[in-house]
Participant: 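Got a structure here, written out as structure tokens. Questions coming.
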2 protein chains.
Amino acid sequence: MTMRRTALKPADAQQASIANVAERAGVSIATVSRVLNGIANKASPETVARVRQAVAELDYRPSSAGKSLRQRQSRLVAVLAANLANPTMAAIAASTEVALRQQGLVMVLCDTHDDPKLQDEYLREMRAQQARAIVFLGAVASPMLDLMRGGPTPLIFVNRRDPGDPNGDFVGIDNVQAGRDVATHALAHGIRHPALIHAPLASSATRARVEAIVESFAAAGHPIPPSLVLGPAEKEHLAIGYAAARLLQRDGADYDALICTGDLIAFGAHRFIEESARPVSLPIYGFDDNPLNDWVAPWLSSVLIPYGTFGQAVAELIAEDREGGDRERVLPHKLVDRRRS
Amino acid sequence: MTMRRTALKPADAQQASIANVAERAGVSIATVSRVLNGIANKASPETVARVRQAVAELDYRPSSAGKSLRQRQSRLVAVLAANLANPTMAAIAASTEVALRQQGLVMVLCDTHDDPKLQDEYLREMRAQQARAIVFLGAVASPMLDLMRGGPTPLIFVNRRDPGDPNGDFVGIDNVQAGRDVATHALAHGIRHPALIHAPLASSATRARVEAIVESFAAAGHPIPPSLVLGPAEKEHLAIGYAAARLLQRDGADYDALICTGDLIAFGAHRFIEESARPVSLPIYGFDDNPLNDWVAPWLSSVLIPYGTFGQAVAELIAEDREGGDRERVLPHKLVDRRRS
DNA sequence: GTGAAAGCGCTAACAT
DNA sequence: ATGTTAGCGCTTTCAC
């Protein structure tokens with residue numbers, strides 16, 4: 001059952017090469033290259049015109065393989081997402097794709113499933129592809145990551161910071177402030193003993209949120225008892241929320257709001273509450289605020305994270321030839337209040 | 001010969017090349033190439049071992065640029081999605097990524113925004129990248145598509161068929177049967193005059209669903225009056241549903257169920273109903289059945305489309321050296337009944 | 001201002 | 001069974 005490779009002759013609709021353009025324009029390939037790469041003061045206006053003409057006529061596009069081979073660098077940018085099923089990741093990926101495209105870069109999307117082994121596999125692959133940069137949507141610590149850190153390929157961490165270097169390139173929100181915002185809002189609206197449901201603390205974002213919330217409530221004189229702080233009992237965010245809500249009910253916990261470190265967790269918790277014998281209606285807070293929330297979760301107050309603008313920030317970081325000073329883009333968030341009147 | 005080190009920019013953590021492997025293993029680069037590509041009967045077991053050893057020691061991965069240049073074909077597979085914000089597209093992309101990965105292929109994800117111009121731009125780019133195959137998640141008619149059809153690059157159409165060739169490679173469900181299933185189910189449960197809200201009929205999938213539903217009801221002696229068939233008044237699926245539901249209310253239409261050609265449309269319609277003065281509770285049908293539905297839309301009966309298996313089918317189509325007979329993968333769907341008891 | 005030519009890493013003919 | 005070698009398309013000295 002051998003997998004035969006396709007014959008070596010995909011050459012069919014022979015794609016024009018730089019040589020064809022040169023011939024047609026009556027110049028050398030070197031000249032074509034210079035014109036196309038905008039090397040200044042290196043071609044007469046007349047030559048430039050002839051080259052452009054030929055390019056247009058042949059619908060020529062430089063072969064990326066040739067270019068990459070020569071330059072030892074491709075136009076590929078890898079985006080390694082921890083979990084593509086998460087709408088949040090998909091949203092960031094979408095915005096990143098648009099922004100990269102505007103810079104003539106191409107996005108390669110990979111799902112690491114939060115698995116260090118798989119992440120490394122992708123990192124190796126991307127090294128072979130000579131990727132221009134690598135974007136992590138939820139990085140996990142791994143050997144190859146350690147190896148590539150400091151290397152020539154820019155590594156950009158979105159949402160979750162580089163687990164091995166808190167000063168690495170970063171795009172995200174101020175999670176400490178966001179946590180405080182939620183706590184402040186809750187306190188201002190009479191909430192005194194919320195239950196706090198959170199994802200694994202391995203993520204710097206989750207950690208910051210949890211700490212900020214806990215500290216804010218403590219500072220306000222309403223410390224959250226440990227029994228009301230529930231960690232991940234499951235793998236999926238949805239399941240985490242569901243399980244936590246069940247646990248709260250089973251233990252007969254007394255709480256006046258639910259604060260979740262992610263909207264999906266809130267979805268899970270809400271579902272359990274809705275399914276229970278006599279659903280209670282209490283404020284629920286989350287983070288992310290997917291646009292879909294307006295439609296499917298009008299009961300959820302959530303910290304709106306501007307994922308649609310993340311891509312732009314990522315692209316800028318890549319463009320700013322890594323020399324630039326501040327390698328950090330902290331974007332503005334906003335708490336969307338959807339408490340039921 | 002000399003080990004000349006051309007001082008090109010990104011030269012840093014010098015990635016091992018086939019020459020390095022050859023040197024280390026004490027063989028020629030041709031032998032290394034043969035071993036790595038599994039050319040049978042062409043190397044002694046001992047040589048193979050030495051080569052593999054060297055490969056492991058150097059953590060060598062063949063440069064894709066070199067390979068692509070030589071073979072005139074890259075390992076990139078482009079996925080052109082009409083709208084990445086749609087969770088459905090994201091789900092297909094995710095499953096495709098996994099399946100491609102297993103074949104050593106790499107997914108490039110692009111969002112065409114359903115725009116022919118942009119789709120063509122991507123097609124040109126992917127030609128320059130010498131993509132192995134191109135996967136359309138909702139193709140739109142465009143000049144470059146016409147040009148590439150019949151070319152050497154496999155084109156695979158998911159969900160929506162090739163707008164220019166109904167016989168092109170296809171992965172999806174039997175939309176006619178799915179439409180009938182919904183109608184049959186509705187009829188069996190006493191529904192006699194449903195309102196039908198649909199997306200633009202430009203999509204072959206939508207068209208098939210609408211026709212099947214209309215015909216089924218007509219055949220059962222309960223034809224759906226034109227006034228109850230609402231087309232797209234907006235651009236987004238969510239907005240389509242919302243606007244349609246509003247229209248129905250304004251016109252005081254009399255209907256006993258809502259059938260939507262997509263879950264997002266159903267979300268929109270449901271939202272309007274919920275927001276209205278006295279929300280009515282009536283059966284709502286959709287198509288897609290995102291896994292999130294169990295959590296956020298327990299009121300929605302929907303045709304479960306196995307998007308998680310689409311990727312596998314796509315990958316198979318790509319692997320099957322395009323000679324293979326049936327270039328069509330019609331996958332099984334299933335109506336999930338979530339009517340409120 | 002322009003051209004000739006040397007490779008970048010790889011595979012496949014063609015030797016041996 | 002293994003080595004030699006000719007390019008694939010491109011950028012970039014180095015000549016002129």
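Chain letters run A, B, ... following the sequence lines, proteins first and then strands; every chain starts at 1.
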Participant: If I take atom CD1 in residue A:Ile39 and atom P in nucleotide C:dG1, what distance separates them, rounded to the nearest angstrom?
Facilitator: 14 Å
Participant: May I ask you to decide if B:Val106's main-chain N or O and B:Arg75's side chain share a donor-acceptor pair within less than 3.5 Å?
Facilitator: no
Participant: Which whole-number value in Å describes the distance from A:Glu23 CD to D:dG9 C1'?
Facilitator: 15 Å
Participant: Is B:Thr47 touching bases, backbone alone, or none of the nucleic acid, heavy atoms closer than 4.0 Å?
Facilitator: sugar-phosphate
Participant: Between B:Asp111 (side chain) and B:Leu84 (backbone), is there a donor-acceptor pair under 3.5 Å?
Facilitator: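 The answer is yes, because a donor-acceptor pair under 3.5 Å joins these two groups.
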Participant: Could you check whether A:Ala65 gets within reach of a base, just the sugar-phosphate, or nothing at all, counting any heavy atom under 4.0 Å?
Facilitator: nothing
Participant: Need to verify one output field. Residue with the more 5' nearest nucleotide on DNA chain D, B:Ala30 or B:Leu69?
Facilitator: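 Closest to the 5' end, via its nearest nucleotide, is B:Ala30.
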Participant: Report the distance from atom OH of A:Tyr60 to atom C1' of D:dG9, rounded to the nearest whole Å.
Facilitator: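 Going from OH in A:Tyr60 over to C1' in D:dG9 covers 7 Å.
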Participant: Between D:dG9, D:dT2, C:dT11, which nucleotide gets closest to the side-chain atoms of B:Ala43?
Facilitator: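 It is D:dT2.
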Participant: Where each residue is assigned the nucleotide of DNA chain D containing its nearest heavy atom, which of B:Gln130 and B:Ser44 is assigned the position nearer the 5′ end?
Facilitator: B:Ser44
Participant: Do you know the tightest heavy-atom contact between A:Ala313 and A:Leu331?
Facilitator: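 The answer is CB-CD1, 4.3 Å.
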Participant: Looking at the base of C:dG3, is there any donor atom on it, or on the side chain of A:Arg34, that sits under 3.5 Å from an acceptor on the other one?
Facilitator: yes
Participant: In whole angstrom, give the distance that lies between atom CD1 of B:Ile18 and atom P of C:dC8.
Facilitator: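 Whole-Å distance recorded here is 14 Å.
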Participant: Side-chain N or O of A:Ser28 less than 4.0 angstrom from OP1 or OP2 on C:dG3?
Facilitator: yes
Participant: Tell me: CG of A:Asn37 to C1' of C:dT2, nearest whole Å?
Facilitator: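 Nearest whole value for this atom pair: 16 Å.
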Participant: For the pair made of CD in B:Gln73 and P in C:dC10, what is the distance, rounded to whole Å?
Facilitator: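 Distance check: B:Gln73 CD to C:dC10 P gives 17 Å.
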Participant: Provide, to the nearest angstrom, the distance between the CD atom belonging to A:Gln15 and the P atom belonging to D:dC8.
Facilitator: 15 Å
Participant: Indicate whether OP1 or OP2 belonging to C:dG9 is found under 4.0 Å from a side-chain N or O atom of A:Arg72.
Facilitator: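 For C:dG9, OP1 or OP2 has a side-chain N or O of A:Arg72 closer than 4.0 Å.
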Participant: For A:Ser33, answer base if it contacts any base atom (sugar-phosphate contacts may also be present), sugar-phosphate if it contacts only those atoms, and nothing otherwise; contact means non-hydrogen atoms under 4.0 Å.
Facilitator: base
Participant: Given atom CZ of A:Arg127 and atom C1' of C:dG9, what is their separation to the nearest angstrom?
Facilitator: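 Atom CZ in A:Arg127 sits about 15 Å away from atom C1' in C:dG9.
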Participant: Taking the side chain as C-beta and beyond, is there a heavy-atom pair between B:Asp114 and B:Asn83 under 4.5 Å?
Facilitator: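 No, every pair of side-chain atoms sits at 4.5 Å or beyond.
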Participant: Using a cut-off of strictly less than 4.0 Å, decide whether A:Thr31 has a side-chain nitrogen or oxygen near OP1 or OP2 of C:dG3.
Facilitator: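 Answer is yes, contact under 4.0 Å.
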Participant: Just checking A:Glu23: does its CD atom have more than 12 heavy atoms from other residues, nucleotides or ligands closer to it than 6.0 angstrom?
Facilitator: no
